[in-house]
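Here's the structure, in structure tokens; my notes come after.
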Amino acid sequence: MIDLDHIRRLLAERRDGFSLPQGFYVDPAMHEADIKAVFEADWLFACNVCEIKQPGDFLTLEVGPNPVVILRDRDGEVRAFHNTCRHRGSRICGKEKGRATRLVCPYHQWVYELDGRLINARQMPPDFDRDGYGLKPVHVEVICGMVYICLAETPPDISRFRAAVTPYIKPHMPDRTKVAFEMTLIEDANWKLVIENNRECYHCAGNHPELLVTLVEFVLPDDEQGRKFQDLLARKTSRWDQLGLPHRPAEGGQEFRCIRLPFHEGMLSFTMDGGPACNKLLGDFTEPDLGSVRMFRVPNNWNHFLSDHIIHFRILPLSHDRTALRTTWLVHEDAVEGVDYDVERLTQVWIATNAEDAELAAVNHRGIRSMAYEPGPYAPSEFMIRNFLGWYAAKMESFANPHAPMQVAAE
Ligand code: FES
Ligand code: FE
């Protein structure tokens, strides 16, 4: 049972510019509230269309207690359904990925078409109305090959996000890729700590030796921290302007961030020597020196789009103190393993970085459980966490005050 008074009290305690009151991170009941207020309400990144290329290809995921199946139907459309049988509720597809001509429930073998219609329900009486028992649909939006789903009855508007990020990511053609490697890491931390960790690079210098071979720690074009960065940026962006590749930060507010930033001079890709990770470039690119488009969208997705590969990151909360991070590395659909790319070289930097971040989030969570914890101040460079928490607090405000929909967080 969710205690809305408890959430209201925690929100009243929250101070802008400080980490959240303890209960938001460590209270087991907060998991259910987060699922309802955030994960059952907003658009979530699910996968790339290349993972469900052929009719009948499916991929499953669990949003809190909700099993979902995403598939390619016979007409080539991407669809999503609640992966729960209309007979007595069994989960239907059990595998994370697969191909099926129809979806057959393992319990009593009710059979569903790829468009969700119930087409066979054996032993049911002749007058049984199959049309009334199709799979319940889940909203789907495909943005340049990235599949987003929304479980809400009426999803929030995603058109501003689509319009803003498309010019940045379309040239990388995420829809013309294949998965070179994927992995799921279970982090022992509340999902908000996983996002917070991702939203700042204050921790990079002390923790990410592999990443910092190539990644420049600065995060905005007007970053005042170094003349060297300004010179690098000016050189790179004048070339990107000639190529027609947008790079200035998009107006994403608290909802999303999209920007193209350079790597260190001479560095081309996320590898241990900064050299290419895949010799076959994405899309129509002929130049490898494109830095990376960094795109983040609340609540569960961040990405890097490089000249030679793309990395999608997806998080889903498993409980108040466990979070699943799924990472997919994508290369050009025609790239050949062992010829154009080597999986170990392609994945080495971010496998190491993910492991380092998972450890940081886990020890962050452990420390927050302490009786001595109190919310601490963010540094100016942690402004993206303030954006995220402002967005989160507004979500929780309207969830905890359902009869006052106009009331939002202070910022
Ligand atoms: Fe699915 Fe019975 S629960 S067929
Ligand atoms: Fe990190």
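Every number for a ligand or one of its atoms is a count from 1 in the order of the listing. Hydrogens, waters and symmetry mates play no part in the numbers below; they use all other heavy atoms, side chains included.
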Is it true that the NZ or CZ of R260 lies under 6.0 Å from the centre of W240's six-membered ring and within 45 degrees of the ring axis? yes
Is it true that E141 and R162 make a salt bridge, defined as a side-chain N closer than 4.0 Å to a carboxylate O? yes
Taking both backbone and side-chain atoms into account, decide whether E356 has an N/O/S atom under 2.8 Å from the Fe ion (ligand 2). no
Any salt bridge between K178 and E333, counting N to O under 4.0 Å? no
Tell me whether E182 is salt-bridged to K97, with the criterion being a basic N under 4.0 Å from an acidic carboxylate O. yes
Answer yes or no: is there an ion pair linking D16 with R386, defined by an N-O contact shorter than 4.0 Å? yes
Salt bridge present between D34 and K192 (N-O < 4.0 angstrom): yes
Would you name the N/O/S atom of D357 that lies closest to the Fe ion (ligand 2)? OD1
Mind checking whether W302 and F313 have ring centres under 6.0 Å apart? yes
May I ask you to check whether H208 brings an N, O or S atom to under 2.8 Å from the Fe ion (ligand 2)? yes
Contact check: C201 to the Fe ion (ligand 2), N/O/S below 2.8 Å: no
Among protein atoms, how many N/O/S atoms lie less than 2.8 Å from atom 2 (Fe) of ligand 1? 2
Lys/Arg-Asp/Glu bridge criterion (N-O < 4.0 Å) met for K280, D334: no
